[in-house]
Amino acid sequence: MEQHEYTLIDHVEERMWWFHAMHGNLLRLLNRFLVGRNGVLLDAWLGTGGLLNRLQNPFSDATVIGIDIEPKAALRAEEKSGASIVIGSVNQLPFANESLSALTSADILCQEAVHPDLA
């Protein structure tokens, strides 16, 4: 994603209907599958951290972390959410198999750097 796109997203993701609806749907789905679980929840290709920030309260028993390939976006996501952030690619996640309880990844398959078969 282009750097200026991260800036635009950062300014609108808290109030734009698209992000509000998508994040709400993801939260409802996660809530159905993660009730009472205290594992690790990963937001992959987290952008500037809007979803990651919204994951903090409903899953306070879980360890919520994020990953993004863009260091500036990852820094902003860390500032916004307070969560731990890893710099890395969704094409090759730096986590051991079966170490994550759940993974969210919204709006990434259309990104040039993402290879759907790997991601």
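For Glu79, the salt bridge (Lys or Arg N to Asp or Glu O under 4.0 Å) partners are Arg76, not counting sequence neighbours. Applying the salt bridge (Lys or Arg N to Asp or Glu O under 4.0 Å) rule to Glu78 yields no partners; only residues at least two apart in sequence or on another chain are considered. By the side-chain contact (heavy atoms from CB on, under 4.5 Å) test, Leu103 pairs with Leu42, Ala44, Leu93, Leu100, Ser105, sequence neighbours left out. Residues passing the side-chain hydrogen bond (donor to acceptor under 3.5 Å, both in side chains) test with Arg15, sequence neighbours excluded: none. Applying the side-chain contact (heavy atoms from CB on, under 4.5 Å) criterion to Arg54, with sequence neighbours excluded, gives His20, His23, Leu27. Thr63 meets the side-chain contact (heavy atoms from CB on, under 4.5 Å) test with Val40, Ile65; sequence neighbours excluded. Contacts of Ser60 classified as side-chain contact (heavy atoms from CB on, under 4.5 Å), with partners at least two apart in sequence or in another chain: none.
Rounded to the nearest 0.5 angstrom, Thr104 OG1 and Leu46 CG are separated by 8.5 Å. Annotation: the span from Trp18 atom CH2 to Glu13 atom CD amounts to 13.5 Å, rounded to 0.5 Å. Rounded to the nearest 0.5 Å, atoms CH2 (Trp45) and CG (Asn91) are 7.5 Å apart. Taking CG of Asp68 as the reference point, atom CD1 of Ile87 lies at 7.0 Å (rounded to 0.5 Å). Interatomic distance, CG of Leu55 versus CG of Leu30, reported as 6.5 Å (0.5 Å rounding). Between the CD atom in Gln92 and the CD1 atom in Ile69 there is a gap of 10.5 Å [rounded to 0.5 Å].
Screening residues 88-100 for salt bridge (charged side-chain N to carboxylate O under 4.0 Å, His left out), with sequence neighbours left out, gives no hits. Residue pairs meeting the salt bridge (charged side-chain N to carboxylate O under 4.0 Å, His left out) criterion with at least one partner in residues 40-49, sequence neighbours excluded, do not occur; the list is empty.
Closest heavy-atom contact between Phe59 and Leu41: CD1-CD2, 4.0 Å. For the residue pair Ile67 and Phe95, the shortest heavy atom distance occurs at CD1-CE1, 4.3 Å. Closest non-hydrogen pair, Ser81 versus Leu52, comes out as OG-CD2, 3.3 Å. Of all heavy-atom pairs spanning Gly47 and Ala77, the tightest one is O-CB, 4.0 Å. Pro94 and Val86 make their closest contact through CG-CG1, 4.0 Å (heavy atoms, listed as atom of the first residue, atom of the second, distance).
Looking at Glu14 and Lys80, their side chains come closer than 4.5 Å, going by heavy atoms from C-beta outward.
Between the side chains of Arg28 and Asn25, at least one donor N or O lies within less than 3.5 Å of an accepting N or O.
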